[in-house]
Amino acid sequence: VLDDASLSCWGDGNAGQLGDGLWGMSPSPVKVLTTFEFQQVASGSSHSCALTTDGEVLCWGLNSEGQLGNGGMVDSAEPTLVPDLSKVVAVTAGHNHSCALLFDGKVHCWGSNESGQLGVDIDGSSASPQFVIEMPPADKIRAGHRFTCALAQGSGEVWCWGLNNEGQLGDGTFDGQKVSPQKVQNLVSMQDFDLGNSHVCAVDVQGHVWCWGANNHGQLGDDNPASANVPVMLLNFDGARFMALGDAHSCTLKLDGSAWCWGANENYQLG
């Protein structure tokens, strides 16, 4: 949680992802050890990243795939600076990779690249940021489980890259993976989106919700258990503004302040 430019974390900290200098669980919030002030925070599977008020990125926690971006692969229980990144406006953390959006719309990613989720054609992992060359200037970015998506400036198109076994790239195929950004088919004028484990949902400027990818728990909201490799629109549903996706469920916040959820509900995550 971000509070007056300082950070607190809680939960599993066995890989140092709480950033308090310790290695263990905390059932209550602990302060992240740093003198920096922050404007955004993102949590991955076992690592965390945050954006400072000066436009720099710090990461901490598990670093087995270089997801901390500090040039090494040693875990850290305290925030470490991602070098050679400045004028950052947004940061996101996926399963074992991280990405940053710069002021000029350029996207940089680092960490695991086992499925091409860094958007560059390199083998293995990268412990330092890699520029996603084929991505148009972006407005928003999200990192998921072995794939990444970004919202293009101006057009509102969504572009995705990485794992595609469930059609989560939305390019009309179920190809195993794509190492370069793919434009999601039939989508323009999107204003927000989010990633789940293997699915994506986006909201257009008219407030309609579009989803694609895995659908084994109904997370696409179209009452069809089959995965979709192109976006499907939720019928008779409008007024949406923001998306928030979990592992296999989806939620949206409407303009009237109401929240709506669909998909997996074994732990009552639909509310």
Side-chain angles (χ1 to χ4, degrees), residues 1-103 107-114 117-118 124-130 140-150 194-197 244-247 269:
V1 64
L2 180 64
D3 180 23
D4 292 330
S6 66
L7 285 178
S8 296
C9 300
W10 58 94
D12 183 7
N14 290 328
Q17 60 264 52
L18 301 187
D20 61 345
L22 302 176
W23 309 86
M25 181 185 70
S26 176
S28 58
V30 293
K31 290 286 187 181
V32 174
L33 296 179
T34 180
T35 58
F36 287 89
E37 293 186 340
F38 296 101
Q39 57 177 312
Q40 187 200 348
V41 63
S43 297
S45 179
S46 296
H47 77 290
S48 307
C49 292
L51 176 62
T52 74
T53 53
D54 292 328
E56 296 182 302
V57 177
L58 286 86
C59 297
W60 58 95
L62 187 68
N63 199 28
S64 58
E65 300 290 341
Q67 56 264 55
L68 302 190
N70 58 14
M73 291 192 177
V74 178
D75 300 348
S76 177
E78 297 183 23
T80 63
L81 185 68
V82 180
D84 303 322
L85 273 187
S86 61
K87 298 183 179 180
V88 178
V89 296
V91 65
T92 183
H95 178 60
N96 282 328
H97 76 292
S98 312
C99 296
L101 175 64
L102 276 58
F103 80 103
V107 177
H108 289 72
C109 297
W110 58 93
S112 174
N113 198 39
E114 61 181 327
Q117 59 263 52
L118 301 188
S125 304
S126 175
S128 58
Q130 300 291 321
K140 296 182 180 181
I141 54 170
R142 295 287 188 274
H145 182 75
R146 294 168 61 182
F147 75 113
T148 310
C149 295
D194 200 16
L195 276 57
N197 182 67
L245 273 55
D247 180 41
Q269 54 264 58

Could you tell me whether a side-chain N or O of [X] sits under 3.5 Å from a main-chain N or O of [Y], the two making a donor and an acceptor?
X    : Y    : answer
S128 : G71  : no
N70  : T80  : no
N113 : G124 : no
N63  : L68  : yes
Q40  : A50  : no
E56  : V82  : no

To check you understand the geometry: which heavy-atom pair defines the closest contact between [X] and [Y], and what is its length?
X    : Y   : value
T148 : C99 : CG2-SG, 3.9 Å
G24  : N14 : CA-OD1, 3.5 Å
L58  : P79 : CD2-CB, 3.6 Å
Q67  : L62 : CG-O, 3.1 Å
A93  : G44 : CB-N, 3.5 Å
A100 : V88 : CB-CG1, 3.9 Å

Quick one: side chain to side chain donor-acceptor pair (under 3.5 Å) partners of D247, sequence neighbours excluded?
-> none

Can you check side chain to side chain contact (heavy atoms under 4.5 Å, CB included) on S26 and S28, steps first, answer last?
-> CA-CA 5 Å; S26 176; S28 58; 4.0 Å; yes

Could you go through the side chain to side chain contact (heavy atoms under 4.5 Å, CB included) check for L195 and L245 one step at a time?
-> CA-CA 6 Å; L195 276 57; L245 273 55; 5.6 Å; no

Any side-chain heavy atom of P29 within less than 4.5 Å of one from V1?
-> no

Return yes when atom NZ of K87 has more than 12 non-hydrogen atoms of other residues, nucleotides or ligands closer than 6.0 Å, and no otherwise.
-> no

Here the ring-ring contact (aromatic ring centres under 6.0 Å, His included) pairs for residues 32-66, sequence neighbours left out, are none

Tell me yes or no: between the side chains of Q130 and S126, is some donor less than 3.5 Å from an acceptor?
-> yes

